[in-house]
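First up is the structure itself, then whatever we jot down about it.
Note: hydrogens, waters and symmetry copies are ignored here, and every other heavy atom, side chains too, is used.
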Amino acid sequence: MPSLSEYCTALSQDPDALKEFKKSDEAALAHMKRAGLSEKHQQMLLRNNKDEITNEFVAECGPAGGAKQVLPTLPGG
Amino acid sequence: MRQLAGTLSVVGTGIRAISQMTQESVALVERADKVLFIANDPLTASWLCELNPRAKSLHDLYSAGKDRIKTYHEMIDRVMRPVREGFNVCFVSYGHPGVFGFPMHEAVRLARSEGFDAEMFPAISCQDALFAELGVDPGAVGCQTFEATDFLVRRRVFDPTSALILLQVGTIAIKGYMNQRVAWNMAGFGVLLDFLIGHYSDDHEVIAYEASQYAWCTSRVIRRTLRTMHDVTLSAIATLYVPPKEPRPPDRELVDRLAATIPT
């Protein structure tokens, strides 16, 4: 079973899967089920709450690269 | 000047996690001796560490209440240290490293001034995301971009018949840093809206835009008039897009002068 971050990392790099995922909730659910994502994470992605998803990434990966926490950044770039 | 051993590559991750980084930038991260990064989400941070296990975050330099300019100078020091030790360093920022990117520009300038090979590589900025998502073409009527605080305090001269993009509208007049996702100064945003009403009508529609940081999430696009935008709870990373007013008529004299220059 992939973690949320593993699933999302793969999803972010697959334009076809993304297209399918964004078609509808049903299509997204079907994709997540096929990938073997947990029920909890399926619901989380369907709720589409960025902060909730971000917090789950932090819980799974920890703030990578030695950071104490991932802080909001300014809209540069 | 003699070329020294250390090198500096400055790249950006784009706005959306993982999906917007160029192949060239990925390769630079993978091959670097040292990678120092500022990511705007934990997925990208984790991915950068997978690309290069020597990658280290610079986020510990931010802290609540600390002047951002101090943080930026500390980032530059931390990036330059391994360059001076002879390492090939990759400095990664979110977005485009050169757009609202003082520490990235300054690191390149400093490295070059000390005789090191340094180069910045382009990436996708939040403005690029805005062009794509809101259907804005800067070639149509031009486009002016300002940092919101600078726009106000210097009373920047701008053309309301051309598109206007204001960045950092959620952090107006704040020099420090606050660990919160909602706007750091809503009252400052109110001052900006009042200022804009003086140049447009108060029923002029504007858009508060926040590009999605995840490819599967939707961006936040809030359309309101300048008057009703006062009631919106802004995020700290919002950008304000102000569409142009009526079109500016062409200048007859210049049109005629240019017409006379066209080769027959």
Given B:Ala211, B:Ser93, B:Gly14, B:Ser19, the one with more heavy-atom pairs under 4.5 angstrom with chain A than any other is B:Ser19
More than 12 non-hydrogen atoms from neighbouring residues, nucleotides or ligands closer than 6.0 Å to NZ on B:Lys175, yes or no?
no
Region of B:Glu210 that comes under 4.5 Å of a non-hydrogen atom in chain A
side chain
Roughly how far, to the nearest 0.5 Å, is CG of A:Leu45 from SG of B:Cys217?
7.5 Å
A:Lys22 side-chain N/O to B:Ala215 backbone N/O, donor-acceptor pair under 3.5 Å:
yes
Given side chains that start at C-beta, do those of B:Trp216 and A:His31 come closer than 4.5 Å, heavy atoms only?
no
With a sphere of 6.0 Å drawn around NZ of B:Lys70, does it hold more than 12 non-hydrogen atoms of other residues, nucleotides or ligands?
no
Sort B:Thr44 into side chain, backbone, both or neither according to what part of it lies under 4.5 angstrom from a heavy atom of chain A.
neither
Mark yes when over 12 heavy atoms from residues, nucleotides or ligands other than B:Arg156 sit less than 6.0 Å from its CZ; otherwise mark no.
yes
The interface call for A:Lys50 against chain B, heavy-atom contacts under 4.5 Å, is both
Got a second to check how far A:Phe57's CZ is from B:Tyr214's OH, nearest 0.5 Å?
5.0 Å
Starting at OG of A:Ser12, measure out to CE of B:Met21 and round the result to the nearest 0.5 Å.
13.5 Å
Heavy-atom distance under 4.5 Å to chain B: side chain of A:Asp14, backbone, both or neither?
neither
Run through B:Pro42, B:Cys49, B:Ser46 and flag the one making a side-chain contact (heavy atoms from CB on, under 4.5 Å) with A:Cys61.
B:Ser46
Let me confirm one number: the CD-CG distance from A:Glu60 to B:Leu43, rounded to the nearest 0.5 Å.
9.5 Å
Please check if the number of heavy atoms outside A:Arg34 that lie under 6.0 Å from its CZ is greater than 12.
yes
